[in-house]
Structure formats: C-alpha cells, structure tokens
Amino acid sequence: MPKIVSYNVNGIKARLPRLIEYLDAEQPDIVCLQELKSSDDTFPEKEIRDAGYGAIWHGQKGFNGVAVLARGTNPVERQRGLDGDPDDTHSRYLEAEVEGLIVASIYLPNGNPVPGPKFDYKLAWFERLAERAEHVLAEEKPVVLAGDYNVIPNDDDVFSVKAMASDALMQPQSRAAYRALVSQGWTDSLRTRFPAGGVWTFWDYQAGAWQRDAGFRIDHLLLSPQAADRFVDAGVDKAYRGKEKASDHAPTWVRLK
DNA sequence: ATGCCTGGGTCCCCCAGA
C-alpha cells in the first residue's frame with residue numbers, strides 16, 4: 001500500500017543525512033520535497049539514487065525548489081511550473097506520473113508581510129495553482145497534490161489563533177483560496193483522518209516552539225476522488241522533527257490502496 | 001513592539017522563511 005509523503009526539507013544539502021535516514025527507515029514510495037534551496041546542478045542526485053530512488057527536480061539557487069522522488073522507478077515529468085505568469089521565476093511546482101498515479105510537489109508562497117507584494121503574489125499564485133488543479137482533476141485519475149501550502153486552514157489547525165492572527169498563513173483570503181481549491185472536489189487527507197484538528201506539521205525553530213508543541217498544520221495532501229477512493233490512512237512522522245539538525249517541517253503522508 | 005532560530009548567499013551581514 002503505497003505511502004506518499006510531503007516533506008519541506010528546508011535546504012536539501014543541510015538535510016541530506018536526515019532525508020536518507022528517513023528514506024531508509026520508512027521506505028516511502030513517493031516523496032514530494034519542497035524548499036530544496038539548491039540549484040539544479042547541485043541537487044544530490046547520486047545520494048538519492050543510491051538510496052533506491054529515482055528523482056526529478058526543479059531547483060533554484062538560494063531558496064524555493066521542489067522535487068519528486070519515487071522508490072525503485074523514475075518519475076515521469078508532466079509539468080514544471082505553472083502557467084499564467086511568464087515573469088514568475090520561482091521554482092514552486094513540479095508534477096509527475098509514477099506508475100499511474102499523478103503527484104504534484106507544491107511550495108506555495110509564504111506571503112508575509114500582510115499586506116504587501118508578497119501577499120499579493122501568494123494569492124495570485126494560488127489562483128494559478130487552482131487552474132492547474134482543475135485541469136488535472138478533469139482527467140479523472142488518481143491524483144495527490146502534496147506540498148507546503150503555507151495555509152492554516154482552520155482555527156483548530158494552530159496552537160494559538162491569537163499568536164498567528166496577523167500572519168499571512170491565517171488570513172481570510174488565504175483560507176478562502178484554500179477552501180476554494182478543496183471545493184473543486186479534493187479531499188484533505190489529514191483533515192479526513194483527524195477531523196477534530198490539533199495535528200501539526202510545522203514547529204518554528206524559534207522561542208522553543210517544538211518543546212512547547214506550538215505548531216500548526218500547513219503541509220497538505222489533497223486527493224482527487226479517484227485517489228480518495230483508495231484512502232487508507234494519513235499522518236505526520238512527527239519524530240523526525242525532534243531529531244538533530246531537523247527541518248522545521250515534519251514529513252506528512254497519506255497511504256493509498 | 002520586537003526578536004527569538006536556521007539555511008543560504010556573499011560572506012561576518014542580509015534575505016527568506018513562517
């Protein structure tokens with residue numbers, strides 16, 4: 001039963017030992033990575049291949065960057081970047097097919113501070129993503145849209161509504177954009193598995209957030225109806241957030257029949 | 001009201017993250 005993971009690594013070079021350890025221990029079938037912070041030519045292809053994974057990646061020097069890994073096979077690229085803005089230079093979207101399953105690795109803009117051009121970019125990018133999602137959904141195939149959406153969908157997805165109230169991740173416009181996307185016909189797999197909320201995928205490095213369990217849920221795996229029919233389980237591999245030199249995100253996953 | 005960490009780039013300070 002394939003395990004599909006979304007993992008914002010916050011720098012693949014700094015996180016490589018952690019990532020390889022994760023692949024060896026958990027043997028996920030597909031891994032969508034975000035925030036590679038690596039140009040295409042410095043992506044650690046050999047180390048990932050030696051761990052048993054084929055990979056495609058869409059890198060960028062310094063920040064952003066997404067990849068799709070597949071255990072024992074090579075992902076077949078379908079789409080790199082989103083249509084709708086020829087001036088957009090950010091590497092935030094990579095879509096592939098892996099043995100009949102369509103997966104996208106998504107790194108939505110953070111959008112802080114609010115208001116401002118970065119928040120405008122976030123909302124505009126969200127609209128472009130929704131257009132792509134609608135197109136893919138119409139294919140009526142099993143699809144997983146996996147990534148760091150930088151949206152806290154509900155008040156019970158955050159340790160403190162008050163602490164995050166002015167953040168781009170929780171603005172009504174951000175939530176409305178996420179809701180509109182899901183309403184196309186996608187299933188939020190973590191929400192389905194844990195309808196009462198209280199499940200985090202991110203803990204800030206600052207102010208002892210991990211030690212206080214002050215986190216929130218921003219990494220999401222959305223399922224097309226054909227994927228949702230195969231839903232088995234979903235969760236967060238929280239222990240990996242507590243390890244040495246961890247990312248501030250934990251691997252978040254869904255298992256399908 | 002602000003900074004708290006962390007990674008990466010040019011490099012010992014700044015940007016970006018969330």
Side-chain angles (χ1 to χ4, degrees), chain A residues 6-20 22 32-44 47 57-67 88-93 105-123 125-126 129 146-175 177-178 190 197 199-220 236 238 240-252:
Chain A
S6 183
Y7 189 13
N8 179 322
V9 290
N10 186 20
I12 194 164
K13 285 187 279 289
R15 213 65 59 217
L16 195 56
R18 203 84 297 145
L19 174 63
I20 299 300
Y22 181 73
C32 296
L33 301 177
Q34 300 88 33
E35 266 206 280
L36 303 177
K37 295 186 173 181
S38 165
S39 54
D40 280 338
D41 57 345
T42 55
F43 182 85
E47 290 85 346
W57 58 94
H58 183 24
Q60 182 168 3
K61 189 175 181 178
F63 68 132
N64 302 326
V66 285
D88 186 7
T89 57
H90 290 202
S91 299
R92 295 182 176 276
Y93 187 87
S105 184
I106 294 165
Y107 180 44
L108 223 122
N110 171 294
N112 279 305
V114 182
K118 291 187 175 184
F119 190 59
D120 296 340
Y121 174 66
K122 176 186 190 132
L123 297 178
W125 203 93
F126 225 133
L129 173 64
D148 174 2
Y149 284 72
N150 271 314
V151 175
I152 297 167
N154 312 286
D155 284 353
D156 57 15
D157 291 316
V158 60
F159 73 100
S160 163
V161 169
K162 189 181 170 190
M164 296 295 290
S166 61
D167 197 282
L169 280 56
M170 255 185 53
Q171 294 313 297
Q173 299 100 310
S174 306
R175 287 180 162 182
Y178 183 77
L190 257 289
V199 177
W200 320 143
T201 67
F202 170 93
W203 296 258
D204 203 290
Y205 288 126
Q206 303 186 63
W210 168 249
Q211 289 73 15
R212 296 186 292 125
D213 197 30
F216 37 86
R217 185 173 76 98
I218 52 174
D219 300 278
H220 309 304
V236 180
K238 187 175 173 180
Y240 283 81
R241 177 60 183 84
K243 290 179 183 269
E244 196 79 14
K245 295 280 285 179
S247 170
D248 39 7
H249 296 250
T252 305

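Everything numeric here is computed off the predicted structure, so don't read it as measured data. Proteins come first, then strands; the chains are lettered A, B, ... in the order of their sequence lines, and each starts at number 1.
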Peer 1: So, are Arg175(A) and Asp155(A) salt-bridged, with charged N and O less than 4.0 Å apart?
Peer 2: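 The answer is yes: the pair qualifies as a salt bridge.
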Peer 1: CZ/Phe63(A) to CD/Glu35(A) distance, rounded to the nearest 0.5 angstrom?
Peer 2: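 Rounded to the nearest 0.5 Å, the CZ-CD separation comes out at 10.0 Å.
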Peer 1: Looking at CD of Gln173(A) and CZ of Phe126(A), how far apart are the two atoms once the value is rounded to the nearest 0.5 Å?
Peer 2: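 The CD atom of Gln173(A) sits 12.0 Å away from the CZ atom of Phe126(A).
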Peer 1: Any carboxylate oxygen within less than 4.0 angstrom of a Lys/Arg side-chain nitrogen, looking at Arg92(A) and Asp148(A)?
Peer 2: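 Salt bridge between Arg92(A) and Asp148(A), a charged N being under 4.0 Å from a carboxylate O: no.
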Peer 1: Report which part of the nucleic acid Asp248(A) touches: base, sugar-phosphate, or nothing (heavy-atom distance under 4.0 Å, all strands).
Peer 2: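 Touches nothing.
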Peer 1: Would you measure the distance from the C1' atom in dA1(B) across to the matching atom in dC13(B) and give it in whole Å?
Peer 2: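 After rounding to an integer number of Å, I get 23 Å for this pair.
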Peer 1: Determine the contact category for Ala207(A): base if any of its heavy atoms lies under 4.0 Å from a base atom, sugar-phosphate if only primed atoms, P, OP1 or OP2 are that close, otherwise nothing.
Peer 2: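 Base, at least one base heavy atom under 4.0 Å.
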Peer 1: Closest approach to the side chain of Asn112(A), judged atom by atom: which nucleotide of dG9(B), dA18(B), dG17(B) is it?
Peer 2: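 For Asn112(A), the side-chain atoms sit closest to dA18(B).
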Peer 1: Does the side chain of Lys37(A) get closer than 4.0 angstrom to OP1 or OP2 of dC15(B) through an N or O atom?
Peer 2: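 It does not, given that no N or O in the side chain of Lys37(A) lies less than 4.0 Å from OP1 or OP2 of dC15(B).
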Peer 1: Measuring from atom CG of Leu36(A) to atom CD1 of Ile12(A), what distance do you get when rounded to the nearest 0.5 angstrom?
Peer 2: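 Separation between the atoms: 5.0 Å.
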Peer 1: Counting any heavy atom closer than 4.0 Å, what does Asn8(A) reach on the DNA or RNA strands: base, sugar-phosphate only, or nothing?
Peer 2: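 Sugar-phosphate, backbone atoms only, no base.
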Peer 1: In whole angstrom, give me the gap between the C1' atoms of dG3(B) and dG9(B).
Peer 2: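 Here dG3(B) and dG9(B) have their C1' atoms 22 Å from each other.
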Peer 1: Assuming nearest nucleotide by heavy-atom distance, tell me which of Gly208(A) and His90(A) is located more 5' along DNA chain B.
Peer 2: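 Its nearest nucleotide being more 5', the pick is Gly208(A).
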Peer 1: Nearest heavy atom decides the nucleotide; on that basis, is Phe202(A) or Asn10(A) closer to the 5' end of DNA chain B?
Peer 2: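 Counting from the 5' end, the first nearest nucleotide belongs to Asn10(A).
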Peer 1: Report which part of the nucleic acid Asn64(A) touches: base, sugar-phosphate, or nothing (heavy-atom distance under 4.0 Å, all strands).
Peer 2: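 Since no nucleic acid heavy atom lies under 4.0 Å of Asn64(A), the category is nothing.
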Peer 1: Among dG8(B), dA16(B), dC5(B), which is the nearest nucleotide to the side chain of Tyr205(A)?
Peer 2: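 Side chain of Tyr205(A) sits closest to dC5(B).
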Peer 1: Calculate the interatomic distance between Phe63(A) atom CZ and dG9(B) atom C1'; express it in whole Å.
Peer 2: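 After rounding, the gap between these two atoms is 12 Å.
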Peer 1: On a whole-Å scale, what distance lies between the P atoms belonging to dG7(B) and dT2(B)?
Peer 2: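 Per the computed distance, 26 Å lies between those P atoms.
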Peer 1: Kindly say whether Ile218(A) contributes a backbone atom to a donor-acceptor pair with the side chain of Thr201(A) at under 3.5 angstrom?
Peer 2: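 At least one qualifying donor-acceptor pair exists.
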Peer 1: Taking CG from Asp167(A) and P from dG17(B), how many angstroms apart are they, rounded to a whole number?
Peer 2: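 Atom CG in Asp167(A) sits about 12 Å away from atom P in dG17(B).
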Peer 1: Taking atom C1' in both dG17(B) and dC4(B), compute the distance separating them and give it to the nearest angstrom.
Peer 2: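 One C1' to the other, the span is 14 Å.
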Peer 1: Quick one: does NZ or CZ of Lys243(A) land under 6.0 Å from the six-membered ring centre of Tyr240(A), within 45 degrees of the ring axis?
Peer 2: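 Lys243(A) over Tyr240(A) ring: yes.
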Peer 1: Just how far, in rounded Å, is C1' of dG17(B) from NZ of Lys122(A)?
Peer 2: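 In whole Å, dG17(B) C1' lies 12 Å from Lys122(A) NZ.
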Peer 1: Among the nucleotides dA18(B), dA16(B), dG9(B), which one has an atom lying closest to any side-chain atom of Lys118(A)?
Peer 2: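 Among the listed nucleotides, the one closest to the side chain of Lys118(A) is dA16(B).
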Peer 1: Please report, rounded to the nearest Å, how far the C1' atom of dA18(B) is from the CD atom of Gln34(A).
Peer 2: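 Those two atoms, CD and C1', are 14 Å apart.
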Peer 1: Taking only the P atom of each, what is the distance from dC12(B) to dT6(B) in whole angstrom?
Peer 2: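 The same atom, P, in both gives a distance of 22 Å.
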Peer 1: For His249(A), report the nucleic acid contact type (base, sugar-phosphate, nothing); a contact means any heavy atom under 4.0 Å.
Peer 2: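 Sugar-phosphate contact only - His249(A) comes under 4.0 Å of backbone atoms but never of a base.
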Peer 1: Provide, to the nearest angstrom, the distance between the CD atom belonging to Glu244(A) and the C1' atom belonging to dC5(B).
Peer 2: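 Answer to the nearest Å: 14 Å.
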Peer 1: If you compare every side-chain N and O of Tyr107(A) against the phosphate oxygens of dA18(B) (OP1, OP2), does one of them come in below 4.0 Å?
Peer 2: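 Answer yes for this pair, as a side-chain N or O of Tyr107(A) is under 4.0 Å from OP1 or OP2.
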Peer 1: Could you state the atom-to-atom distance from CH2 of Trp210(A) to P of dC5(B) in whole Å?
Peer 2: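 Result: 17 Å.
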Peer 1: Hey, does Tyr149(A) reach any base, or is it just sugar-phosphate, or nothing, if we go heavy atoms under 4.0 Å?
Peer 2: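 Contact class for Tyr149(A): none.
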Peer 1: Which whole-number value in Å describes the distance from Arg92(A) CZ to dA16(B) C1'?
Peer 2: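 Rounded to whole Å, this separation is 10 Å.
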Peer 1: Using whole Å, report how far CG of Asn110(A) lies from P of dA18(B).
Peer 2: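 Distance, rounded to whole Å: 5 Å.
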Peer 1: When you measure from the side chain of Glu35(A), which nucleotide among dC5(B), dA16(B), dA18(B) comes out closest?
Peer 2: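 Nearest nucleotide to the side chain: dA18(B).
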Peer 1: The side chain of Ile218(A) lies closest to which of these nucleotides: dA18(B), dC4(B), dG8(B)?
Peer 2: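 Ranking dA18(B), dC4(B), dG8(B) by closest atom to the Ile218(A) side chain puts dA18(B) first.
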